[in-house]
Each structure stands twice: as structure tokens, then as C-alpha cells.
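Take a look at the structure below.
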Amino acid sequence: MNAPETPRGCPVAHHGAELTRLYGPEAATDPAGVYERLRKEHGPVAPVLLEGEVPAWLVLGYRDARRVLDNPRQFTRDARIWRDRADGRVDENSPLVPMLGWRPDCVSQDGEPHRRLRAAVTDALQAAAGRGIRRHATHYANRQIDAFADTGRADLVHDYAEYLPMLVLSRLLGLPEAEGRDLVESCAQVLRGGESAVAHDARIQEILGALVVRKRSEPGGDLATALLEHRAGLDEDEVVSHLRLVLIAAHTTTSNLLARVLQLVLTDTSRLSGLISGRLDVSEVVEEVMWDSPPLAVLPGRFAASDLELGGHRLQEGDLLVLGLAAGNRDPEIRPDTGVSVRGNQAHLAFSSGPHECPGQNIGQSLVAIAVDVLLHRLPGLRLAVEPEELSSTASTWESRLDALPVEFGG
């Protein structure tokens, strides 16, 4: 699957070689192994293939990732300069389009257009969160636990982590709870890729479009209304695009983060007892997960705004870059010993960096902290129902998700 000596240069020039794919069986089962092999073969930046055999550069180095994220003039988020799409090698039905295509939202733009739209999103998120994120998270955490509390067993991925963030987000966005539950699968499919990604993305936009129409005539104390009424004057397409952005990004990353935090807690009795006794704060466990298992392993995407050099490779204008957040966090140049504690170190890449750093990170971390706290207090004797080594994960290009987290409690 890999050429032993791949020449450096534009990834398109590597088509004669057999490049590493960031999708498919190997990437799904051992993404960390793929990243490390690429680092050894190519250094901090590696040519790869995405779904549909689309070439890209995977940024593996921490410092290189920071350079890309912190310099939008060199590495723009504007996909309209993406050469492979402009040349017709990426069509509208590609599963890459929902993740990488241009939209009228703040993550697709830089400069003043970005500042205008990001201000609206940040203000709306703060207003929505101020109306009761803690209360909503506590309410829905208890609701989810009520469904299995009497059984003595649960799968904390399917029964808890997958749905709790979406229920809270639905309340914040102004969506009915039933629609929120239905959208869990659609959000997962967009991240997972494959043939159905575009159809699921269209379904999300259809539901959110209908929500915006409702909120124009029936405003409320929710994110949709806040965006519609913001002084930035967002049009309907901009409002729908930002609701979509918040829904997909916040749900998928928060549900994955929650599952990974619970995994770490339940596979280490000292952490579990520390949280129960109050000697350990959930935020410290979250910090570990952000370094070692960031909820988004690969961040889409940036585009070279001109011909330039990065990590020893020559990039051409319009080349696609994807950011290896998980690989960057384990870059041996900045973390030679991953066994050393990262407590108190918030320099990880998990929330991105620069102008596009995640604006809702505090909301997500607050939700995770509440979810863990409620769970531990509701379920005495909570313990893993299998051996830690039996737990498995499945990765897509963009994320690695825990398949299941079976637990027992009581007794």
C-alpha cells in the first residue's frame, strides 16, 4: 500500500506511486500506525489519498500544523481554490464535499468575512449557553440513565455518549427532541464518509432549513433565533450553514470526547476513585484525552494559497491539506515521551488553533464534565464489564470512535 521511496513534491505527482489511503481497512483499524509510518517515510508532511483517490497532504508535525492553522494568508480555508475540485476530479456526490466543500459559514472563509460570521456564532453560542447549558445537560443525562438504571448493565457509547450531546444541542438550537435523536445517525454518516454521506448531509440541511423558517415566525430563546436576529445580518443560507456546522461539529466531537473520557476513567481504578472522592477533577481527565485521543483525529482542511514549502515538500497553489491533530499531539519533537504527564498543559491541537479555533470548546467540556459527574453519582459500583484490551475502535478519515463501552453497576 506504500511506495518505499516516494518522491517529494505535489501530491498529484505521486499518482504513479501507490500512496497511503486515509480510508479503508487499515486506516479504520490502526490509524495511529498509519500516521507513524507516514512520519518515518515522509517527515512532518506526507502525501496521502482521501476517498475517491483524491490527493492531499497530511500534516503530521506539531509545529507544521501550528504554522498552517495560524497563517490563513498562506493556508486558506476557502475551498473555492481547491484545484482538484475545480479541475473536476471531485464531483458533487463525493463524500469529501460535506467535510471540505465551501459553504457560507465562518469556517469556509478568512479575513473580514470570517470575523463577521464568527462573531455571530460566538455571540449566539454564549447567549444560548447562558440560558441553561448546565440545567439541560443534567436533565438529559438523568433521562438517558433512567432508561437503563434498573438493568445493572449498559453500553455507555450507544446508551449514553452517542445521544446525550445531541439532546442538549437540540434544545440549544431550537429543534424538537425527536428530530435531534434522528439526526445522530446523519451526523455520524457525514463523518464516516461513504456513499450515503451526501444524502445524510442534505437531510441535515433540510431539517435545519425548516427550523429557520419556523423561527422567523416563532422566535425563541435558542441558537437559531439568536443567529437570525444578530446584528451581523446573516441571510437564511448563512444561518442554516452555521446551525449545520454547530450541530455536526459539536455533536460528533463531544460524543466522542465523552466516550473516550469514560473509557479512560473505567480502565483506570485510580482515576475512577479519584473522581468519586473529589481528589481528581474531570477537567484533568479531559486534558489527557485531548492530547492522546482527540475527538477529531484529522481536521479538514486548508488549501495552499500559493506555491510554498512545508515540512520539506513543495506545495502548489490549490493543494489540499488535512491536519493530523492526533499525530501532531504525539509528535516526538514536542513529546518525546508520551508517558510523561500532560497535566496542566493545554497546548494540544484538539481544538485547532489560530483564527478558526473552536468557539464552543467550553460548552463541550462543560457538558462532558456534567455527564461524567451525573453518571458516577447515579450508578454506584460502576465498572467495566469486559477486559480493557477487549475494547475496540473504528476509524474514518476524520475520527476514531470507540465501538462500545459495556459496563455493570450496583451489587
Expected output: side-chain [X] to main-chain [Y] donor-acceptor under 3.5 Å:
X      : Y      : result
Asn329 : Leu349 : yes
Arg73  : Asn71  : no
Thr225 : Gly220 : yes
Ser255 : Thr252 : yes
Ser108 : Pro104 : no
Glu41  : Leu38  : no
Asp331 : Tyr62  : yes
Asp30  : Glu26  : no
Ser277 : Gly274 : yes
Tyr160 : Leu258 : no

Within 6.0 Å of CG in Asp235, more than 12 heavy atoms from elsewhere:
yes
Smallest separation among heavy atoms of [X] and [Y], with atom names:
X      : Y      : result
Leu211 : Gly174 : CD1-O, 3.3 Å
Pro95  : Gly194 : CB-O, 3.4 Å
Ala120 : Leu227 : O-CD2, 3.8 Å
Ala369 : Val282 : CA-CG1, 3.9 Å
Leu164 : Ala141 : CD1-N, 3.4 Å
Leu117 : Cys106 : CB-CB, 3.7 Å

For a 4.5 angstrom cut-off between non-hydrogen side-chain atoms, does [X] reach [Y]?
X      : Y      : value
Glu179 : Met166 : no
His158 : Tyr163 : yes
Gln189 : Glu185 : yes

Test side-chain contact (heavy atoms from CB on, under 4.5 Å) on Leu272 and Thr267; report intermediate values, then the result.
CA-CA 8 Å; Leu272 180 59; Thr267 53; over 6 Å; no
Taking atom types as modelled and ignoring hydrogens, do the side chains of Arg39 and Tyr35 form a donor-acceptor contact shorter than 3.5 angstrom?
no
Could you tell me which residues satisfy side chain to side chain donor-acceptor pair (under 3.5 Å) with Ser283, sequence neighbours excluded, listed by chain and number?
Asp281
What residues form a side chain to side chain donor-acceptor pair (under 3.5 Å) with Glu284, not counting sequence neighbours?
Arg343
Determine all donor-acceptor pairs shorter than 3.5 Å in which one atom belongs to a side chain in residues 354-363; sequence neighbours excluded.
| residue | atom | partner | partner atom | Å |
| --- | --- | --- | --- | --- |
| His356 | ND1 | His114 | NE2 | 3.4 |
| His356 | NE2 | Gln109 | O | 3.3 |
| His356 | NE2 | Asp110 | OD1 | 2.9 |
| Glu357 | OE2 | Gln361 | NE2 | 3.2 |
| Gln361 | NE2 | Cys358 | O | 2.9 |

Output a table of donor-acceptor pairs, distance under 3.5 Å, between side-chain atoms of residues 197-210 and any protein atom two or more places apart or on a different chain; print 'none' if there are none.
| residue | atom | partner | partner atom | Å |
| --- | --- | --- | --- | --- |
| His200 | ND1 | Ser186 | OG | 2.9 |
| Asp201 | OD1 | Arg244 | NE | 2.7 |
| Asp201 | OD1 | Arg244 | NH2 | 3.0 |
| Asp201 | OD2 | Arg103 | NH2 | 2.9 |
| Asp201 | OD2 | Gln205 | NE2 | 3.0 |
| Arg203 | NH1 | Asp182 | O | 3.4 |
| Arg203 | NH1 | Ser186 | OG | 2.9 |

d(Asp123 CG, His230 NE2) to nearest 0.5 Å is 3.5 Å
salt_bridge(Arg181, Glu162) N-O dist < 4.0 Å
no
Does a side-chain N-to-carboxylate-O contact under 4.0 Å join Glu51 and Arg21?
no
Mind listing the side-chain donor-acceptor pairs of residues 291-303 below 3.5 Å, one per line with the distance, residues two or more places apart or on another chain?
| residue | atom | partner | partner atom | Å |
| --- | --- | --- | --- | --- |
| Trp291 | NE1 | Asn345 | O | 2.8 |
| Asp292 | OD1 | Arg335 | NH1 | 2.9 |
| Asp292 | OD1 | Arg335 | NH2 | 2.9 |

Phe148 meets the ring-ring contact (aromatic ring centres under 6.0 Å, His included) criterion, sequence neighbours left out, with none
